[in-house]
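Per chain, numbering begins at 1; letters A, B, ... match sequence-line order. Only this structure's heavy atoms are used, side chains among them; waters, hydrogens and symmetry mates stay out.
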Amino acid sequence: MSKLNSYRTGPDGAGRFGIHGGRFAAETLMPLILDLERAYRTAQADPSFQQELDYYLEHYAGRPSPLYFAQRLTEHFGGAKIYFKRDELNHTGSHKINNCLGQILLAKRMGKTRIIAETGAGQHGVASATVAALFDLPCTVYMGEVDVERQQPNVFRMKLLGAEVIPVSSGSRTLKDALNEAMRDWVTNVHDTFYIIGTVAGPHPYPELVRDFQSVIGNEARAQLMAAEGRLPDTLVACIGGGSNAMGLFHPFLDDDGINIIGVEAAGDGIETGRHAASITGGRPGVLHGNRTYLLQDDDGQITEAHSISAGLDYPGIGPEHAWLHDMGRVSYVSATDAEALEAFQLCSKLEGIIPALEPAHALAHVAKIAPGLPKDHLIVMNMCGRGDKDIFTVAEMLGVEI
Amino acid sequence: MTFGRARIEARFAKLRAEGRSAFVTYVMSGDPDLQTSAKILAGLPGAGADIIELGMAFTDPMADGPSIQAAGLRALKAGITLRKTLELAAEFRRQDTETPIILMGYYNPIHSFGVDAFLKAAAEAGIDGLIMVDLPPEEDEELCLPTLAAGLGFIRLATPTTDDGRLPAVLANTSGFVYYVSYAGITGAGSADADTVGAAVARIRGQTDLPIVVGFGIRTPEQAREIAAVADGAVVGTAFTDAVRDSLDGAGKATDTTVAAVLDLTRELAAGVAAASRKAVGGAQP
Ligand SMILES: Cc1ncc(COP(=O)(O)O)c(C=O)c1O
């Protein structure tokens, strides 16, 4: 594998990260996708755009989120020093708000009057409904029926925020199907509708702009760790659904030699069972939802269903920039099972008084595997990208508890 | 022997000579099962289909409405694969060397098969062209250019959002014909308006000599007649997947009315197209 001067220059003009990414979209959407790219370039060149975004990130979302030394978990594992980037403390309870604020400001600039979004765990749906309420735009959220069932609190939150939640009954009735349905709505209402995609996937420029809006995570973490330890981290760990919280943490560090960067996919019942959501570990390159990337698919190129206890990770693909970082060998992609995530979920609750979302519980499950074997001066930063309130029903059921 | 793009061109030349527009039928390959699908294909030309669009099933058809989604899932459940679709086409080709077959669908099954291997197999099977929903001109190097190099047609979709500024890019590497999508939306959700479509066809006609065929929102003989009067062809899809669905038994299996339901509908719609009085006759003059 050849080493690049920089891993931070992508995508190219065609929206590619190596062979991944691109604009595999229906013609009806193409003019709008090109418009979006132009609008984003104009916004990037306009200091008032970033100023307005910074204002809302600080005063509305509550940024910067703390970088917290997880002392008791560190002692428990007895090895590396563990820091949490506490994006679960953001308004709405996850990192998703960072991206939604950026995208809704773009929607306003483009004069769009209606918002749509897809959601898995409901966190992106809640964040989209939240910004739509704030900016007084009607919002429709597509959510797979299976996820509506397992994330009831978030469904009700979205409704309270004034959004319409449409359960999707096609396919596996989870995140990928919600994305399909949102795309169908978009094709139909392309004249007035802005689609807030919730992760670093979709046709170019979405993977790039979602990454940019999420990079506030890594930029803050970098400055915060410098202040706390006087140096950069040794290891970064984040969970991967589509990969937006991970990309946000990783991107500002990609060019720092010697930092070990690890993305944790959902292994569901175990990779060997075939019932998992680990698209890099268990998939191969294909084209879906507007981009080329690693996908779970059968020999005929039909997309297979993902499985994970975590609705937010239950997706058969991964953002194209991750696919490329894997090809380049810059980031390592590993996986954690449902059972491992469940154990980490409970451990974190008891030892740190932080109930994590099931998604970052996967990241913590990997930290649990590596931290004990690392020296005490090894610094790990893990993205605690969401809180677990939404998951207590799922976890109770798994533990056989009735609430 | 004429094949690929040449077969499509020969068909339009014949239609022009007869002063007719093309009736294009979209049926899902392998729906509701392989045998029934083969019988439907074999019967289509006799019932009045001038060009056959053969849908390639995909698990995630982002531009399709419920009826075509369900047809794809029926076909997948009955065991359709891209290779079997090519076998169906090859079987059809042994009986009929003149009716063009265009594969329509999404890129991933072809990506998975491998572009070069696929184009070789498709040409051998007697496939004449491709319509790929998720391959806009921005991605021409993926499949469009190799397809043209292999002598097959690559039929591009133009839509109501394709403005004059973008139209040249859409037309640049299009061959065979241009497929105008009559409304912004998914299949089966809207209705084609002949006046709007007529204006759009005229706009595209200003920039190409290729035949312009219109699809989406055509399901009755009357609509087919109206659209065929203002374009070089009319495509019907959802009405066929509906007809298959309505003919199935309680367990979702084909009945002895399934083939007849599709072919009867083909005859009715073909009569609609034939009844059109052409206002505009397009396509490159020989
Ligand atoms: C808390 C949390 N983390 C992670 C994810 C996965 O998304 P991504 O990989 O884009 O961060 C979700 C998605 O719903 C989520 O709610």
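- A donor-acceptor distance shorter than 3.5 angstrom exists from the side chain of B/Asn108 to the backbone of A/Val287, with no hydrogens or angles considered.
- Of the atoms belonging to B/Asp64, it is backbone heavy atoms, and not side-chain ones, that fall under 4.5 Å from chain A.
- Atom CG of A/Leu29 and atom CG of B/Asp134 lie 11.0 Å apart (nearest 0.5 Å).
- To the nearest 0.5 Å, atom OG1 of residue A/Thr28 and atom CD1 of residue B/Ile186 are 11.5 Å apart.
- B/Arg166 has its side chain within reach of A/Leu34: a pair of non-hydrogen atoms, C-beta onward, lies under 4.5 Å apart.
- In this structure, the portions of A/His289 lying under 4.5 Å from any heavy atom of chain B include both its backbone and its side chain.
- The one candidate from A/Asp299, A/Asp298, A/Asp300 that meets the side chain to side chain contact (heavy atoms under 4.5 Å, CB included) condition with B/Thr81 is A/Asp300.
- B/Pro137 has its side chain within reach of A/Glu27: a pair of non-hydrogen atoms, C-beta onward, lies under 4.5 Å apart.
- For B/Leu143, no part sits under 4.5 Å from any heavy atom of chain A, backbone or side chain.
- Residue-environment remark: CZ (A/Arg114) exceeds the threshold of 12 foreign heavy atoms within 6.0 Å.
- Taken from CZ in A/Arg292 to CD in B/Glu139, the straight-line distance is 7.5 Å, to the nearest 0.5 Å.
- A/Ser172 does not touch chain B: none of its heavy atoms, backbone or side chain, sits under 4.5 Å away.
- Between A/Ser170 and B/Gln69, the shortest heavy-atom contact is CB-OE1, 3.8 Å.
- More than 12 heavy atoms of other residues, nucleotides or ligands lie within 6.0 Å of CD in A/Glu272, so this atom counts as buried by the packing criterion.
- Here the closest non-hydrogen pair linking B/Pro136 and A/Met30 is CB-CG, 3.5 Å.
- At a 4.5 Å heavy-atom cutoff, B/Phe113 makes no contact with chain A through either its backbone or its side chain.
- Atom CG of B/Asp163 has more than 12 heavy atoms from other residues, nucleotides or ligands within 6.0 Å.
- Shown here for B/Ser112 and A/Gly301, the closest heavy-atom pair between the two residues is OG-N, 3.4 Å.
- Between the CG atom in A/Leu288 and the CE atom in B/Met62 there is a gap of 6.0 Å [rounded to 0.5 Å].
- Smallest separation of non-hydrogen atoms from A/Lys176 and B/Asp60: NZ-OD2, 2.8 Å.
- To the nearest 0.5 Å, the span separating NE2 on A/His204 from CD on B/Glu138 amounts to 10.5 Å.
- For B/Ile110, no part sits under 4.5 Å from any heavy atom of chain A, backbone or side chain.
- Looking at A/Ala26, the atoms closer than 4.5 Å to chain B (heavy atoms on both sides) sit in the backbone and in the side chain alike.
- When each of A/Arg284, A/His191, A/Arg23 is scored by its heavy-atom pairs under 4.5 Å with chain B, the top score falls to A/Arg23.
- For the pair A/Gln297/B/His111, no side-chain contact is recorded, criterion being any heavy-atom separation below 4.5 Å from C-beta on.
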